[in-house]
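Please read these numbers as outputs of a predicted model, since none were measured by experiment. Both backbone and side-chain heavy atoms feed into the values below; hydrogens, waters and symmetry mates do not. Starting from 1, each residue takes its place in the sequence as its number.
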Amino acid sequence: MTKQTREVVRLGIGYDVHRLELKRKLVLGGVRIPSDRGLSGHSDADVLIHAICDALLGAAALGDIGKHFPDTDKKYRNISSLKLLKHVGLLLRKKKFVINNIDSTLILEKPKIAPYVRLMQERIGKALDILPERISVKATTHEGLGSFGRGEGSAALAVASILETRLK
C-alpha cells in the first residue's frame with residue numbers, strides 16, 4: 001500500500017516593538033541604516049527580524065522568540081538578529097516545514113527605508129535559505145500620531161506562510 005501525502009498551509013503572525021535611543025546602531029532587516037538613533041534591546045533590536053521570527057515560530061506552533069532566545073541569556077547580548085533568524089529557519093527545516101512566503105510591515109517615522117528594502121530581502125532570504133522574491137518588506141509611518149509618530153520607537157508586523165507535509 002502506498003502512503004499518500006498532502007500539503008497543509010500554516011500561517012503565523014509576528015509583532016515586535018522597540019524604543020529608539022541615542023548611541024545605538026539602527027539595524028532593520030539585517031541592514032545597518034544611517035541614523036542618529038537606533039533601537040534599544042538586548043540583541044541588536046532588529047524589530048523587523050524579530051517580528052519575522054515570531055511569525056515563523058507561530059506558524060509552526062513552536063513558541064516565540066522569547067522562548068528560544070531569552071533576553072536573560074548573556075549569549076544573546078548584542079547578537080545579530082540575522083543569526084537568530086537563521087536558527088529559526090534551521091529549526092523549521094528540522095521539523096520538515098517549508099517556508100512559502102513572508103509579508104512584513106515596518107512602522108517607523110524616519111529614516112525612509114525604501115533604498116534598503118532589496119538588501120533587506122536578500123539578507124533575510126540568505127538567513128532562511130529562500131528566494132528574496134518570497135519576502136515582502138514594506139513600511140509606513142504613524143502620520144505623526146502617538147509615540148511612533150513622535151519618533152520614539154518602531155514596530156513591525158509579519159505574516160509567514162509555511163507548508164507542512166502530512167500523511168493522508
**Request:** Could you list the residues that satisfy salt bridge (charged side-chain N to carboxylate O under 4.0 Å, His left out) with E133, not counting sequence neighbours?
**Result:** R118
**Message:** Any non-hydrogen side-chain atom of T140 less than 4.5 Å from a side-chain atom of L106?
**Reply:** no
**Asked** Is the closest side-chain heavy-atom distance between D46 and V27 below 4.5 Å?
**Response** yes
**Request:** Determine the minimum heavy-atom distance between A61 and R10, stating which atoms define it.
**Result:** CB-NH2, 3.5 Å
**Request:** Report the distance from atom CD1 of I79 to atom NE2 of H42, rounding to the nearest 0.5 Å.
**Result:** 9.0 Å
**Item:** Connected-component partners of L11 among ILVMFWY, side-chain separation under 4.5 Å
**Value:** V9, V98, L163
**Request:** Check whether any side-chain heavy atom of L128 sits under 4.5 Å from a side-chain heavy atom of L56, and report yes or no.
**Result:** yes
**Request:** Look at the side-chain heavy atoms of Ile, Leu, Val, Met, Phe, Trp and Tyr, link any pair under 4.5 Å apart, and say whether L48 and Y116 land in one connected group.
**Result:** yes
**Item:** side-chain hydrogen bond (donor to acceptor under 3.5 Å, both in side chains): pairs with one or both residues in residues 66-76, sequence neighbours excluded
**Value:** none
Without placing hydrogens or testing angles, list every side-chain donor-acceptor pair under 3.5 Å for residues 28-36, not counting sequence neighbours.
from, atom 1, to, atom 2, distance (Å)
S35, OG, R37, N, 3.3
S35, OG, R37, O, 3.0

**Request:** Answer yes if F97 and I65 sit in the same cluster of Ile, Leu, Val, Met, Phe, Trp and Tyr residues linked by side chain heavy atoms under 4.5 Å apart, and no otherwise.
**Result:** yes
**Message:** Could you work out, with side-chain contact (heavy atoms from CB on, under 4.5 Å) as the rule, every residue matching H142, not counting sequence neighbours?
**Reply:** I107, E109, F148
**Asked** Under a single-linkage definition using a 4.5 Å side-chain heavy-atom cutoff for Ile, Leu, Val, Met, Phe, Trp and Tyr, are L57 and I124 assigned to the same hydrophobic cluster?
**Response** yes
**Item:** Any side-chain heavy-atom pair of I49 and D16 under 4.5 Å
**Value:** no
**Message:** Other members of the hydrophobic cluster containing V8, with the 4.5 Å side-chain heavy-atom rule, please.
**Reply:** none
**Asked** Measuring from N100:CG to R134:CZ, what's the distance to the nearest 0.5 Å?
**Response** 5.5 Å
**Partners passing side-chain contact (heavy atoms from CB on, under 4.5 Å) against V117 (at least two apart in sequence or in another chain)** = I113, Q121, V137
**Complete:** Hits for side-chain contact (heavy atoms from CB on, under 4.5 Å) against A45, two or more places apart or cross-chain, chain-then-number order -> H18, R24, L39
**Considering all heavy atoms, the nearest T165-E7 contact** = OG1-CG, 4.1 Å
**Request:** Dump the intermediate steps for side-chain contact (heavy atoms from CB on, under 4.5 Å) on V17 and S154, then the final yes or no.
**Result:** CA-CA 6 Å; V17 61; S154 177; over 6 Å; no
**Request:** Given side-chain contact (heavy atoms from CB on, under 4.5 Å), test K96 with E164 step by step and report yes or no.
**Result:** CA-CA 7 Å; K96 307 294 187 214; E164 173 187 21; over 6 Å; no
Let me check something: any side-chain donor-acceptor pairs from residues 80-89 under 3.5 Å, sequence neighbours excluded? List them with distances.
from, atom 1, to, atom 2, distance (Å)
S80, OG, L82, N, 3.2
S81, OG, D44, OD1, 2.5
S81, OG, H50, NE2, 2.8

**Asked** What's the shortest heavy-atom distance between A160 and A59, and which atoms?
**Response** O-CB, 4.1 Å
**Those residues that, when tested against K138, pass salt bridge (charged side-chain N to carboxylate O under 4.0 Å, His left out) (two or more places apart)** = D103
**Co-members of L90 in a cluster of I, L, V, M, F, W and Y side chains, linked at under 4.5 Å** = none
**Request:** Indicate yes or no: at least one non-hydrogen side-chain atom of I102 is less than 4.5 angstrom from one of S136.
**Result:** no
**Asked** By side-chain contact (heavy atoms from CB on, under 4.5 Å), which residues pair with K110, not counting sequence neighbours?
**Response** none
**Asked** Going by heavy atoms in the side chains, are S104 and L157 under 4.5 Å from each other?
**Response** no
